[in-house]
Amino acid sequence: VIKSTDDTWHTRDWATTSWAIDTYFIEDWQSVRAWGTHIEGREGLRQFMADWLGGFPDVFIRVADIFCDGNDEDGYKTTMPYVLTATHTGWSKAWGEPTGQKVQYHGIANCFVKKNSTGGWQYTFEWDVGDTAAFFTVLNRSMIPHPDHDLIPTEDCTPLFDWGTGKMNWLATETWGAYR
């Protein structure tokens, strides 16, 4: 988990970042994130990261701890509390003109990883929520438009990830804010 975070976010080299996306994420990977954002697939992740790294080129995600539950056959559910630091020095689609403001916030990424056919580990799904209030306050921005109702099914206490498939059980019944 730590190596994949480093390889994906911290190399400051797009070729290595793109390699990491292909290596550590299944083709149809999905992420539900703060602000009601839903990222779909490797290409969606590339678009999301290009925008993030464009606006915050010095972003650093410090993994504070790792919790894992599972096994090598079924896969692992992981929880990664982190601290994200970055400076808004570049333009991005989501954040616009640079403000020069330094941002720091805490978050937790819950992921499911499974062994692929070649024996490597890949993320299947992710639920990543950071302290968005801190982020918006520092940048002096209003919240990104968010759906007026919860799009996640809440009728039962279904686990976040399915053991057999590694798929996320809490995917929205509607798509919102997707990077595709």
Side-chain angles (χ1 to χ4, degrees), residues 1-27 29-70 75-96 98-114 120-141 143-144 160-161 166 168 170 177-179:
V1 172
I2 293 170
K3 180 171 177 26
S4 65
T5 300
D6 287 342
D7 289 349
T8 307
W9 286 96
H10 302 147
T11 64
R12 311 297 183 242
D13 172 68
W14 186 251
T16 304
T17 295
S18 192
W19 167 86
I21 291 170
D22 290 338
T23 300
Y24 297 119
F25 299 84
I26 65 169
E27 181 65 38
W29 170 86
Q30 292 187 43
S31 177
V32 175
R33 309 178 68 76
W35 308 291
T37 303
H38 181 203
I39 303 171
E40 297 183 30
R42 287 181 187 154
E43 287 311 308
L45 179 56
R46 280 186 179 83
Q47 291 171 21
F48 174 80
M49 289 194 62
D51 195 50
W52 245 100
L53 293 170
F56 303 88
D58 67 343
V59 65
F60 190 82
I61 302 168
R62 183 174 55 85
V63 177
D65 209 342
I66 298 286
F67 303 94
C68 295
D69 184 29
Y76 290 91
K77 295 178 181 184
T78 70
T79 295
M80 178 184 85
Y82 62 86
V83 177
L84 182 144
T85 57
T87 311
H88 190 208
T89 57
W91 187 90
S92 76
K93 180 175 82 170
W95 305 105
T99 63
Q101 295 295 314
K102 293 185 182 295
V103 175
Q104 176 176 306
Y105 67 86
H106 294 80
I108 296 178
N110 294 300
C111 302
F112 198 94
V113 295
K114 287 187 74 74
W121 291 95
Q122 291 183 304
Y123 294 98
T124 59
F125 290 86
E126 170 186 71
W127 185 277
D128 184 359
V129 181
D131 180 1
T132 57
F135 189 79
F136 284 101
T137 299
V138 168
L139 293 180
N140 195 24
R141 300 278 168 78
M143 294 294 281
I144 292 174
L160 177 60
F161 299 111
M168 189 182 311
W170 289 11
Y179 279 83

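Residue indices begin at 1 and follow the sequence shown.
- For W19, the ring-ring contact (aromatic ring centres under 6.0 Å, His included) partners two or more places apart in sequence, or in a different chain, are Y24.
- Within the 4.5 Å cutoff, the side chain of I108 has no heavy atoms near those of the W127 side chain.
- Without hydrogens or angle criteria, D7 side chain to A20 main chain gives no donor-acceptor distance under 3.5 Å.
- Using a 4.5 Å cut-off on side-chain heavy atoms (C-beta onward), F67 and V1 make no contact.
- Among all heavy-atom pairs drawn from I26 and T124, the shortest one is CD1-CA, 3.8 Å.
- Contact annotation: the side chain of E40 approaches that of H38 to within less than 4.5 Å [non-hydrogen atoms, C-beta and beyond].
- Summarising the geometry, atom OG1 belonging to T87 is positioned 11.0 Å from atom CD belonging to Q104; distances are rounded to the nearest 0.5 Å.
- The two residues H88 and F56 come nearest to each other via the heavy atoms CB-CE2, 3.4 Å.
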Residue pair N110, F125: steps toward the side-chain contact (heavy atoms from CB on, under 4.5 Å) verdict = CA-CA 8 Å; N110 294 300; F125 290 86; over 6 Å; no
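- Looking at every heavy atom in both residues, I39 comes nearest to L45 through CG2-N, 3.5 Å.
- Here the side chains of I21 and W29 are not in contact, with every heavy-atom distance at 4.5 Å or above.
- Summarising the geometry of T79 relative to P81, their closest heavy-atom pair is O-CD, 3.7 Å, with the distance given to 0.1 Å.
- For D131 against Y105, the heavy-atom pair with the smallest separation is N-CD1, 3.5 Å.
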Tell me, with the steps shown, if I61 and H10 meet side-chain contact (heavy atoms from CB on, under 4.5 Å).
-> CA-CA 8 Å; I61 302 168; H10 302 147; 3.9 Å; yes
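- Taking every heavy atom of both residues into account, T16 and D13 meet most closely at OG1-OD2, 2.5 Å.
- In this structure, the side-chain hydrogen bond (donor to acceptor under 3.5 Å, both in side chains) partners of E126, at least two apart in sequence or on a different chain, are S31, R33.
- Remark: side-chain polar atoms of R42 are paired, donor with acceptor, to backbone N or O of D22 under 3.5 angstrom.
- Atoms CE and CH2, from M49 and W9 in turn, are 4.0 Å apart once rounded to the nearest 0.5 Å.
- Here the CD1 atom belonging to I66 is positioned 7.0 Å from the OG1 atom belonging to T5, to the nearest 0.5 angstrom.
- If you take CZ on F25 and OG1 on T8, they are separated by 4.5 Å, rounding to the nearest 0.5 Å.
- Between T85 and R62 there is no side-chain heavy-atom pair separated by less than 4.5 Å.
- Under the 3.5 Å distance criterion, the side-chain polar atoms of R12 are matched with a main-chain donor or acceptor of D58.
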